[in-house]
Amino acid sequence: MIDYKEIEAKWQKAWDDAKIFEGEVSDKPAYMVTAAWPYVNTPLHIGHLRAFGTADALARYKRMRGFNVLYPMGFHATGTPVLAFAKRIKSNDQDIVDELHVFHVPDEEIKKMTDPSYIAAYFIKESGQLYRRSGFSMDPRRSFVSIDPTFSKMVEWQFGILDGKGFLTKGKHPVGWCPNENNAVGMHDTKHDVEPEIEQEVAIKFKVDSEDAFMLCTTYRPETIFGVTNIFVNSSEPYVICNIGDDGKRYYISKASAQVLKYQAKIEVIEELSAQKLLEKNCINPVSGNRIPVLPGFFVKGDVGTGVVMSVPAHAPFDYAALERLRKEGRLKQEIKPIKVLEVQIGRSLSDVSAGEAKPSQMDVPAFAYLEILHTNADAIDDMLEFATKLEYREESHWGKMIVKGYEGMSEPEAREKVKGELLEKGDAMEMYVLQNAPVYCRCGYEVVVKVVEDQWFIDYGNEGWKDSTRAFLKQMRLLPDKTRNAFEAAVDWIDLRAVARAQGLGTKFPLDRTKIIESLSDSTIYMSFYTISHLVKDVPPEKLKPDFFDFVFRGVGDAEKVAQSTDIDYSLVKKCRESFEYWYRDTSRHSGPDLIYNHLTMYVYNHIAVFDRAYWPKQIAVNGFVLSEGEKMSKSLGNIIPLVDAINKYGADPSRLNIIAGADLLNDSEYSEKAIRGIQERLEYLMNTVLGLDKLESGELKRIDYWLYSKLSGKIELATKYMDTLELRSAYTGILYDSVLELRRYFARKGSSEIAVKDFISAVVLMLQPVAPHVSEEIWHMLGNYTFASAEKWPADNREMRNEKVEAEEELVDSTVEDAKQVIALMQKKSGKKASKLHIIVASDWKRKLVNALAKEKDVGKALDSLQGDTKVDKEQAAKLAGVLAKRLNEVELVKTTQLEEFDGVEEAADYISKQLECDVSVEMEEKSKSQRASRAMPMKPSLDIEFA
RNA sequence: GCAGGGGUGGCGGAGUUUGGUCAAACGCGGCAGACUCAAGAUCUGCUGGCCAUAGGCCUGCGUGAGUUCAAAUCUCUCCCCCUGCACCA
């Protein structure tokens, strides 16, 4: 058993003492790796190991490839979470206490966590310890927190630049809003943590006949306006007539909606009235000029939209049902005929399944047809109507084509945009926001409404020039894995205005409105650059960190002397900061999770482009997947979050790292599983035990199997290097760890026994283990008699001269021979009950090789035979016969690299091994000399097998 | 709805970029054997299905079609699953 704790402690101390991970400016090429910083009040769990560990693997790998590597880490504390955390502790929230207990936070510490700065201090200390215990090759001196005043100075400077470039704009913005607390509400502020989903709708104005007022109808489907036959209101709701905004017009809407809509537009109620008053009126359809009545709709809710609904009985089951019911009750004063505006092709939808049976009249009213499909009618309960509605909307939106003049053949979404645009342009409609998943309740109990906030500050990621540069630069960036490129491109296209100033929370004051705080993702877009100087400016008073300083350090504006004067910062320090930035920030890799592609990572690229000179723009982004715990997503509710410290204590840092970091390729989710970790531990132990047994091996001349081992090693290094370059760690480590163990076992089974070969093999393997299993790597490296740090060694070079295709082919031949023989033996044993006593392996003659190679080259039987004409060793007749057989599968014929003698020697050498595998005697024979009747079946690389049974 | 990703053995997942020599690397689980008083651990072998029975054949990569001498791989269609949709870290 390996004592992971012991060797981890030993090497962590040795690395610290040697300070080998402290990044200093030097002549070597620099490389900087950063991973998304954790929120400061979050105890580290095994999920964190993924991004940090992947970054560390890259850092260690790059170091071995000759780079001077810097891997810093800091902490995020901006926004409301830390405050909320403190508040919950203060109120003795048992949930959070329980959660902290899971992470072994002692009660006396929890008690003190009512103060944000204490929370930060505690977790920074704890997390720092864990970084070290995880074996991360970090430079701890550069750690900082997003609310450090020195860092704030940099953020302020950054926003000055954004403002200078015109990237900060002010405007209106719809947000979820609690009318009681007068505050924006996000997901965390609602009951049951639901996100208030805000959707834009269109409200269409229907002029009231012979009156200077409009009925205002909200709708998702403005394109169906051509099919409107009437207006519905709720006959028992109070309504109002009012002004909305300042267009001077008067509108009828429900009283309830007026209450809610006032948060997104100025609403002036002129008069309250009952629905009965509205039912006397008629309206004009703005697109057709038709005169349409206002009717009572049983399903209309006063507090949804405007409480006024336009009725499209042909395409809306609810509308159809409401009209039918009125008709049956004799309450329709005039006949109302549904108007169809779009059609679904036959054979394209569920509705068409019954289309054959449906009467043509039914198909004229799709809403009715959909009810029929569901074996119901206009009297259906609301849930059924709802279901039919969803079905119809879906199918029509998917496959429907407009049949209205001027829009013929258009798809519904297409027509929707067009109609909407036209209505808005003509002033026949206005835009309106609704809470799609209403009702949503604030934690305080009040219902959330949509508020259009005035004077909201945004970062304008929609700015065309900025977007174009970002899009263009993204094309040059290395993205790992490259398949995230689509997502990044989509993100750049999609990202638009981002609200940037918040009323509450920790963080940097927004320079253009100091009553606000910069929102927490927006203050962390270029913070990685601060690592290059954070340890240098730690003790500089924040007020000295004026824009001049950052302009010079990060943009090379001005000169060190003047900056030193204007800021009163020591000249040499200013100069050193600039040098440090220039040195470290050219070649960088950023690591994060896929959930951040659509915000942080995209903003990261945007902001670098805005702030820095081109040489310092991002070079590489690596996106890693999540960690599942025994097949399940980790979550508080499942109670299966595994603290990082537990994983390390239980299994050791290296097995945990191998499991989580190298357990899946970059973007795939990896699984934390006890079984997998055990398997990893076994293999690490196998390597270590092999080293312990080295002295029992021999020092004689190398044998064929040694060449095989060297050849395998060479191939392994080439492959692993290729995979490491693209951070395909899973692929890399199946080769480095799993395959290596398999190969060593095979080597010993084949009677391999060379001390030097095994030592060379394991030395290289152990160095390649270094990026992911640094401690074990270091330990075995020293067990092998080395005195240097594996962490500081060169990545093994692929020595091409070791590559030996012949020996590898011969070993494959041995394997396939064993496999074939096994099959036959099993078969015969089952059939006759006899055991195999002797196996004759008959190796094919050389003339067959010549023929096969000729066929492989020419891919033509005639030409191949011609090319063998002059060869006296080839029997023409036999060759022609064999060629005929092979002709059927000409495409599969491959070049053969081994001669008969080589094949013979290879198998002969493995005879003992084969004999042991099959538990029978083995004799290897040349085809020409064999007495076996099966001898002629022998083919190159596929010897004939003749088995005797007894 | 929009956007991004995905559907391959009992399971996790390779293979898709560059069509063939490859279906299933590697791992887990399962079965058999070795070791053991026994269990566990470890080692060895087998492990998609069906039919054969001297090393073979057929069938299989969500559905349905197409291109091709040849498709898990390319094109189209449909179905299903996951993630995100913002001012929230």
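Quick note on labels: first sequence line is chain A, next is B, and so on, each numbered from 1.
When the nucleotides B:rC28, B:rG55, B:rC88 are ranked by their closest atom to the side chain of A:Lys675, B:rC28 comes out on top. When distances run from any side-chain atom of A:Ala499 to the nucleotides B:rC87, B:rG55, B:rG4, the shortest one goes to B:rC87. Here the side chain of A:Tyr738 is nearest to one of B:rC26, B:rG13, B:rC88, namely B:rC26. Side chain of A:Tyr598, nearest nucleotide from B:rG13, B:rA3, B:rG27: B:rA3. Each of B:rG55, B:rA86, B:rC87 was ranked by its minimum atom distance to the side chain of A:Glu519; first place goes to B:rC87. Closest to the side chain of A:Gln917, out of B:rC85, B:rG45, B:rA14, is B:rG45. The side chain of A:Lys822 lies closest to B:rG45 when the candidates are B:rG45, B:rG55, B:rC88. Distances from the side chain of A:Arg498 to the nucleotides B:rA54, B:rC26, B:rC87 place B:rC87 closest. Listed nucleotides B:rA41, B:rG56, B:rC26 differ in distance to A:Glu682; the shortest reach to its side chain belongs to B:rA41. Of all nucleotides listed (B:rG55, B:rA14, B:rA54), B:rA54 comes nearest to the side chain of A:Asp946.
The CG-C1' distance, from A:Leu918 to B:rG33, rounds to 15 Å in whole Å. Atom pair A:Glu685:CD and B:rC43:P shows a separation of 11 Å (rounding to whole Å applied). If you take CD of A:Glu819 and P of B:rC46, they are 7 Å apart, rounded to a whole angstrom. What separates CG of A:Leu658 from C1' of B:rG27 is a distance of 14 Å, to the nearest Å. Computed from coordinates, the A:Leu729 CG to B:rG13 P distance equals 17 Å when rounded to whole Å. Between the CD1 atom of A:Ile198 and the P atom of B:rC87 there is a distance of 7 Å, rounded to whole Å. As a whole-Å value, the separation of A:Trp494 CH2 from B:rU83 C1' is 13 Å. If you measure from atom CD1 of A:Ile736 to atom C1' of B:rA25, you get 16 Å, rounded to the nearest angstrom.
Comparing the C1' positions of B:rU36 and B:rG30 gives an interatomic distance of 22 Å, to the nearest angstrom. Separating the P atom of B:rA14 from that of B:rC26 is a span of 15 Å, rounded to the nearest Å. Annotation: B:rG40 and B:rA54 have their P atoms spaced 39 Å apart (nearest Å). Spacing between B:rU8 and B:rC81 at atom P, rounded to whole Å, works out to 14 Å. Taking atom P in both B:rA39 and B:rG7, one finds a spacing of 42 Å when rounded to whole Å. Going from the P atom of B:rG29 to that of B:rA23 covers 28 Å, rounded to whole Å. Comparing B:rG10 with B:rG49, their C1' atoms sit 13 Å apart, to the nearest whole Å. Nucleotides B:rG84 and B:rA32 have their P atoms positioned 44 Å apart, rounded to a whole Å.
Among the heavy atoms of the strands lying under 4.0 Å from A:Pro943 is at least one base atom, whether or not backbone atoms are also near. Within 4.0 Å (heavy atoms only), A:Ile597 reaches no atom of the nucleic acid at all. When heavy atoms are screened at a 4.0 angstrom cut-off, A:Ser944 is found touching base atoms of the nucleic acid. Within 4.0 Å of A:Asp482, counting heavy atoms only, lies no atom of the nucleic acid at all. Among the atoms of the strands shown, only primed sugar atoms or phosphate atoms (P, OP1, OP2) are found under 4.0 Å from some heavy atom of A:Ala490. No contact: A:Asp493 has no heavy atom under 4.0 Å from any strand. At a threshold of 4.0 angstrom between heavy atoms, the contacts of A:His76 are confined to the sugar-phosphate backbone, with no base atom among them.
Distance check: A:Thr484 OG1 to A:Asp482 CG gives 6.5 Å after rounding to the nearest 0.5 Å. To the nearest 0.5 Å, atoms CG (A:Asn659) and CZ (A:Arg657) are separated by 12.5 Å. The distance from the OH atom of A:Tyr723 to the OG atom of A:Ser731 is 4.5 Å, given to the nearest 0.5 Å. In this structure, CE on A:Met688 lies 8.0 Å from CD on A:Glu685, to the nearest 0.5 angstrom.
Remark: B:rU36 base-pairs with no nucleotide; criterion is Watson-Crick or G-U wobble with both hydrogen-bond distances under 3.5 Å. Nucleotide B:rU53 is matched to nothing when pairs are restricted to Watson-Crick or G-U wobble geometry with both distances under 3.5 angstrom. When Watson-Crick and G-U wobble pairs are counted only if both distances are under 3.5 Å, B:rA3 pairs with B:rU83. Taking a pair to require two hydrogen-bonding distances under 3.5 Å in either a Watson-Crick or a G-U wobble arrangement, B:rA14 remains unpaired. Summarising the base pairing, B:rC46 is matched to B:rG30 through a Watson-Crick or G-U wobble pair whose two defining distances lie under 3.5 Å. Base pairing analysis places B:rU68 opposite nothing; no Watson-Crick or G-U wobble pair with both distances below 3.5 Å involves it. Nucleotide B:rA23 forms a pair with no other nucleotide shown, judged by Watson-Crick or G-U wobble geometry with both contacts under 3.5 Å.
Between A:Phe85 and A:Phe123, the angle of the ring planes goes over 60°, which puts this pair in the perpendicular group of the 30/60° scheme. Ring-plane geometry between A:Tyr527 and A:His600 is classed as tilted, the angle between the planes lying from 30 to 60 degrees on a 0 to 90 degree scale.
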What pairs of nitrogen or oxygen atoms, one from the protein and one from nucleotides 5-11 of chain B, lie under 3.5 Å apart?
{"from": "B:rG5", "atom 1": "OP1", "to": "A:Asn486", "atom 2": "ND2", "distance (Å)": "2.7"}

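Atom CD of A:Glu948 sits in a crowded spot, with more than 12 heavy atoms from other residues, nucleotides or ligands closer than 6.0 Å. More than 12 heavy atoms of other residues, nucleotides or ligands sit less than 6.0 Å from atom NZ of A:Lys467.
For B:rG13, the base has no donor-acceptor partner in the side chain of A:Arg730 [N/O atoms by modelled type, under 3.5 angstrom].
For B:rC43, one of the phosphate oxygens OP1 or OP2 lies less than 4.0 angstrom from a side-chain nitrogen or oxygen of A:Arg745.
Taking 4.0 Å as the cut-off between side-chain N and carboxylate O, A:Arg416 and A:Glu223 count as a salt-bridged pair. A:Arg471 and A:Asp493 are joined by a salt bridge, as a carboxylate oxygen and a charged side-chain nitrogen come within less than 4.0 angstrom of each other.
A:Arg745 forms a cation-pi arrangement with A:Tyr686, by the criterion of a distance under 6.0 Å to the ring centre and an angle within 45° of the ring axis. Cation-pi contact between A:Arg750 and A:Tyr913: present, with separation from the ring centre below 6.0 Å and deviation from the ring axis of at most 45°.
Where A:Arg683 and A:Tyr913 meet RNA chain B, the nucleotide closest to each residue was compared, and A:Arg683 sits on the side nearer the 5' end. Between A:Phe458 and A:Leu742, the residue anchored closer to the 5' end of RNA chain B is A:Leu742, taking for each the nucleotide with the nearest heavy atom.
Glycosidic conformation at B:rG33 (O4'-C1'-N9-C4 for purines, O4'-C1'-N1-C2 for pyrimidines): anti, more than 90° from 0.
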